[in-house]
Asks: 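One structure is given below, represented as structure tokens, and several questions about it will come after.
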Amino acid sequence: MEKKYQKLKARLQEINDLNSANSLLNWDMSTYMPPGGAPARGRQQATIGRIAHEKFTDKKIGKLLDKLTPWAEKLPYDSEAASLLRVTRRSYDQSVKVPAKLIAALSEHSTVTYQVWAQARPANDFAKVRPYLEKTLDYSREIANYFPGYDHIADPLIDFADQGMKAETIRTVFAELREQLVPLVQAITAQEPADDSCLHQSFPEDEQLAFGYQIAQDYGYDTNRGRQDKTHHPFMTKFSLGDVRITTRTKENDLSEALFSTLHETGHALYEQGIDMSLEATPLAGGTSAGVHESQSRLWENLVGRSRGFWEHYYPKLQAAFPSQLNEVPLDTFYRAINKVQRSLIRTDADEVTYNLHVMIRFDLELALLEGALEVKDLPEAWHARYQSDLGIQAPSDVDGVLQDVHWYGGIIGGAFQGYTLGNIMSALFYNQALKAHPEIPDQVRQGQFGTLHTWLKDNIYHPGSKFTANELIERVTGGPLTIDPYIAYLKQKFGELYTL
Ligand code: ZN
């Protein structure tokens with residue numbers, strides 16, 4: 001059995017290498033590739049992706065999994081072999097159940113839909129992209145139906161990104177959260193808005209990049225196993241556990257843009273860099289779900305990076321980097337500016353308090369579409385109605401409404417959004433647990449020291465890679481199920497002080 005296990009690992013390593021090569025091509029495309037490289041690059045990535053998919057869905061892998069599963073199930077649940085078999089079995093089933101023909105047709109459809117959306121959005125022309133979106137909905141339902149036995153048709157699609165999570169559980173958790181957030185937003189926005197003009201001066205790009213990258217390293221980002229480059233839409237990517245990269249973008253007149261996106265991507269990167277090296281090149285060498293990954297980016301970006309204690313240490317340094325812009329701006333003004341809460345239309349620009357309302361609107365609309373309770377033709381109206389009821393604001397057009405996010409126009413409908421809010425909820429859940437183990441963490445953050453927190457996260461969250469699902473990880477780390485309580489307590493405490501609620 002041990003021999004067969006090594007055989008399986010060798011095959012999986014080959015597939016991992018192909019996928020890593022593809023990630024490198026993608027990183028290059030998003031950073032340094034000249035525009036002329038685009039057509040060939042698309043083809044090259046598709047070729048490698050196809051070969052990797054063929055290798056992974058090879059019947060020999062299926063046979064190895066069948067033979068090894070009974071053996072692995074007798075091993076300890078958290079052992080490498082038992083975990084690798086569980087995780088590989090899950091993704092193998094996902095890959096072989098949906099016919100390759102359907103995947104190819106969807107991929108072609110997505111490429112076209114994306115192009116139509118890219119034109120429809122600036123033209124505020126939802127009607128143009130509507131038939132494509134209707135087809136996407138058909139495809140999404142078709143894919144879900146290759147996984148019969150679900151409770152909700154969205155479950156299989158949610159499972160792709162947040163394995164083990166179900167529509168009904170998420171719906172219940174989100175409803176609780178919404179009940180708390182809507183009045184919180186109302187109470188805050190009834191007050192004088194924070195003045196964030198200090199963030200909108202002229203800030204030279206090089207200083208911005210250097211400042212953010214220094215904090216990344218202070219957090220514990222290992223530059224021997226990573227680097228930072230510029231891009232249009234910031235992301236983190238990994239080619240091996242020894243090469244985990246972040247990207248960022250600057251806006252000359254918006255200090256928060258590069259700064260907080262760097263801290264966000266650093267959180268994702270710390271997760272990947274913190275995975276047990278012995279898992280290298282296996283399917284376990286990655287973050288476990290979209291939600292848990294986002295919990296780490298949010299933890300370092302918001303719970304640490306937008307806290308008052310953090311800026312007690314870093315604000316004098318920021319002033320030294322930008323003396324003419326910030327020397328006259330007191331810490332409190334700056335702190336209020338980076339935590340400004342407002343009713344807004346754009347999800348990606350939203351603050352900590354309103355952000356989840358944007359996500360929940362999309363999640364509920366996805367479910368309604370998949371259920372058949374909502375038709376694509378009525379989507380723009382449904383979107384506006386929810387923004388009115390939840391955020392008390394209405395977009396003047398579909399550009400900042402239903403045409404806003406790329407997700408539905410470049411993939412499937414279902415499973416794309418819940419991870420953002422699950423991540424926020426989990427960020428507080430995990431941070432709270434770290435504080436219980438080490439009450440000294442806030443004092444250390446106040447001194448620009450993150451070692452205790454980073455080590456706790458490595459030991460408890462990062463090290464196991466994707467051995468456990470999000471729910472299993474939460475249970476192991478907190479001893480209970482997913483709960484919004486620490487997250488709500490965090491928001492009420494922080495914004496209660498900022499806004500005297
Ligand atoms: Zn993220």
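Since we're looking at a predicted model, the values are computed, not measured. As the structure lists them, so they are numbered: ligands from 1, and atoms in each ligand from 1.
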Asks: Taking atom CD of Glu207 as the centre, does the number of heavy atoms from other residues, nucleotides or ligands within less than 6.0 Å exceed 12?
Replies: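 It does: Glu207 CD has more than 12 such atoms within range.
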
Asks: So, Asp78 and Arg476, do they make that salt bridge, N to O below 4.0 Å?
Replies: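 So Asp78 pairs with Arg476 through a salt bridge.
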
Asks: Taking the six-membered ring for Trp and the full ring for Phe, Tyr or His, determine whether the centres of Tyr114 and Tyr409 are under 6.0 Å apart.
Replies: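 No, the ring centres sit 6.0 Å or more apart.
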
Asks: Taking only residues two or more places apart in sequence or in another chain, which ones pass salt bridge (Lys or Arg N to Asp or Glu O under 4.0 Å) with Lys492?
Replies: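 Listed in chain order: nothing, the list is empty.
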
Asks: For a distance under 2.8 Å, give residue and atom name for each protein N, O or S atom next to the Zn ion (ligand 1).
Replies: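 Listed by chain and number: His264 NE2, His268 NE2, Glu294 OE1.
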
Asks: Tell me whether the centres of the aromatic rings in His268 and Phe235 are closer together than 6.0 Å.
Replies: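 For His268 and Phe235, the ring centres are not under 6.0 Å apart.
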
Asks: Do Arg306 and Phe260 meet the cation-pi criteria used here (NZ or CZ under 6.0 Å from the six-membered ring centre, within 45° of the axis)?
Replies: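 Verdict for Phe260: a cation-pi partner in Arg306.
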
